[in-house]
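Only a predicted model underlies this, so the values are computations on that prediction, with no experimental measurement involved.
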Amino acid sequence: MLTFHVLTDFSATAANALRYAEVLARHLGAHLRLWHVLPETNGVEGRYFSAAAGGLTATESAQQLAELARKISRSVPCTHEVITSDAAARLTAAMRSSVGHIIVVGNSNPAKRMTTAATSTALYVVRQVAQPLLVVPATFRAGPVPRRIVLDTDRRAVRLPATAETIPALLAQLTYARFPLTLSHLPSDVDHLLIRIIPEVVGIHVYTSEFSPKMAEIAAQLHQTGLLRGVAHTVATARHPSIEQGIRHAAARYRADMLSFVTRQRSFTGTQFLQSVTARLLAHSRIPVLTIAEV
């Protein structure tokens with residue numbers, strides 16, 4: 001059973017991420033689990049997790065979380081928990097079963113400078129918890145489930161944890177055509193047929209060099225990740241002077257409503273991570289981002 005673990009501080013940004021997760025959960029028959037972190041006053045994690053607005057006490061925060069979970073339970077199964085210390089360790093312990101868990105957080109400002117992203121909850125969680133992470137920007141409103149998904153890859157081999165098994169199953173469910181294709185004599189049905197047979201998942205590679213890499217090489221690299229195993233997809237490349245901007249432009253070109261990629265572990269050390277393409281995409285994407293950290 002798939003479970004979306006939604007971190008909430010009861011803000012508008014968190015509520016927006018929760019609505020998105022609720023839409024996905026209803027479509028997929030998944031569960032929701034709400035988490036509220038009470039930052040320790042002098043703890044290391046206090047800078048990454050916001051206290052509840054309005055200066056709520058611990059008891060009041062727990063009551064508000066329980067009420068929120070009760071409302072959500074009217075549409076999808078929902079449980080809740082308050083974390084009072086060591087949030088990363090508690091989240092890891094709660095997901096002992098490696099497959100079937102996705103952490104969901106909101107991004108309050110996709111236009112922020114990277115100098116202010118050092119305390120981002122998403123950038124902290126992706127470095128601490130070995131589970132897929134879904135980041136929902138506050139500027140993106142939940143509507144229909146995502147259908148057009150772009151997955152970015154580079155040309156280096158990658159080793160993914162067992163938790164990555166959740167991603168291809170999720171993408172396959174999201175893009176599965178649940179209704180039969182009906183065709184008549186109308187010319188417009190030909191266009192409808194073409195739309196239906198073109199895969200809705202696009203594997204992309206953005207490069208800055210003068211010469212384009214071979215498509216077979218990029219396709220092989222996508223296959224090696226396993227993230228699109230069993231998922232119908234096409235492969236495309238694009239040249240751009242900025243990898244980050246190139247990925248975002250490619251996502252716009254293919255009208256993607258979800259972006260996915262692997263978070264490279266090698267860029268996790270110190271402040272260098274904030275300069276990585278991974279961090280900038282997580283901080284700046286205006287569509288939801290689904291990522292998984294390499295081993």
Side-chain angles (χ1 to χ4, degrees), residues 126 130 132-135 146-177 190-191 193-269 272-273 275-295:
V126 79
L133 174 68
L134 178 60
V135 182
R147 294 291 187 186
R148 202 68 175 156
I149 301 166
V150 163
L151 187 145
D152 174 68
T153 187
D154 55 32
R155 300 170 68 181
R156 292 167 291 146
V158 63
R159 290 180 58 238
L160 295 177
T163 57
E165 291 289 334
T166 303
I167 291 183
L170 171 65
L171 298 184
Q173 286 182 278
L174 288 176
T175 57
Y176 174 71
V190 176
D191 294 334
L193 172 63
L194 291 175
I195 292 172
R196 285 286 295 271
I197 65 176
I198 296 174
E200 296 178 346
V201 177
V202 183
I204 65 168
H205 172 72
V206 176
Y207 61 96
T208 59
S209 59
E210 182 179 353
F211 301 102
S212 171
K214 295 180 180 179
M215 296 294 288
E217 179 185 349
I218 303 305
Q221 180 58 29
L222 281 168
H223 177 76
Q224 186 270 326
T225 67
L227 294 177
L228 296 182
R229 184 176 59 253
V231 180
H233 62 277
T234 55
V235 180
T237 61
R239 184 172 181 267
H240 198 281
S242 165
I243 297 297
E244 178 198 354
Q245 293 297 327
I247 293 171
R248 293 171 64 186
H249 287 173
R253 176 185 177 186
Y254 292 106
R255 300 179 181 178
D257 40 25
M258 180 180 283
L259 172 65
S260 185
F261 52 81
V262 173
T263 296
R264 287 289 183 177
Q265 193 83 332
R266 68 181 182 85
S267 62
F268 278 9
T269 56
Q272 291 181 348
F273 178 63
Q275 307 307 317
S276 67
V277 172
T278 291
R280 295 198 299 269
L281 284 172
L282 287 170
H284 296 151
S285 177
R286 293 183 179 274
I287 61 174
V289 173
L290 178 66
T291 187
I292 180 70
E294 67 176 348
V295 174

Heavy-atom pair of closest approach, residues [X] and [Y]:
X	Y	value
Val150	Ala251	CG2-CA, 4.2 Å
Thr278	Val262	OG1-O, 3.9 Å
Met258	Leu134	CE-CD1, 4.1 Å
Pro161	Val295	N-CG2, 3.4 Å
Thr263	Phe273	CG2-CE1, 4.3 Å
Val231	His233	O-ND1, 2.8 Å

Under a 3.5 Å threshold, yes or no: a donor from one side chain and an acceptor from the other, between Gln221 and Gln224?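 The criterion, which ignores hydrogens and geometry beyond distance, is satisfied for Gln224 and Gln221.
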
Decide yes or no on side chain to side chain contact (heavy atoms under 4.5 Å, CB included) for Leu133 and Ile292, but give the supporting numbers first. CA-CA 6 Å; Leu133 174 68; Ile292 180 70; over 6 Å; no

Separation of [Y] [atom2] from [X] [atom1] (nearest 0.5 Å):
X	Y	atom1	atom2	value
His205	Met215	NE2	CE	10.0 Å
Leu281	Asp152	CG	CG	7.5 Å
Thr291	Arg264	OG1	CZ	11.0 Å
Leu171	Leu227	CG	CG	8.0 Å
Ile167	Leu228	CD1	CG	9.5 Å
Thr153	Phe261	OG1	CZ	12.0 Å

Please name all residues satisfying ring pair (Phe, Tyr, Trp, His ring centres under 6.0 Å) with His249, sequence neighbours left out, ordered by chain then number.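 Residues passing ring pair (Phe, Tyr, Trp, His ring centres under 6.0 Å) with His249: His240.
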
Answer yes or no: is there a side-chain heavy-atom contact under 4.5 Å between [X] and [Y]?
X	Y	value
Val135	Pro288	no
Ile204	Thr237	no
Leu151	Val202	no
Val206	Asp154	no

Using modelled atom types and a 3.5 Å cut-off, is there a donor and acceptor pairing between side-chain atoms of [X] and backbone atoms of [Y]?
X	Y	answer
Ser285	Leu282	no
Ser260	Leu290	yes
Asp257	Arg148	yes
Arg280	Gln275	yes

Which residues pass the salt bridge (Lys or Arg N to Asp or Glu O under 4.0 Å) test with Arg239, sequence neighbours left out?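 In terms of salt bridge (Lys or Arg N to Asp or Glu O under 4.0 Å), with neighbours along the sequence ignored, Arg239 is linked to no residue.
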
Applying salt bridge (charged side-chain N to carboxylate O under 4.0 Å, His left out) as the test, list every pair that has at least one member in residues 203-228; sequence neighbours left out.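 For residues 203-228: Arg155-Glu217.
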
Salt bridge flag under 4.0 Å for residues Arg147 and Glu200: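 The answer is no: the pair does not qualify as a salt bridge.
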
Using 4.0 Å as the upper bound for N to carboxylate O, is an ion pair formed by Glu294 and Arg159?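 No, this pair does not count.
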
Please test Ile247 against Val277 for side chain to side chain contact (heavy atoms under 4.5 Å, CB included), starting from the C-alpha separation and ending with a verdict. CA-CA 10 Å; Ile247 293 171; Val277 172; 4.1 Å; yes

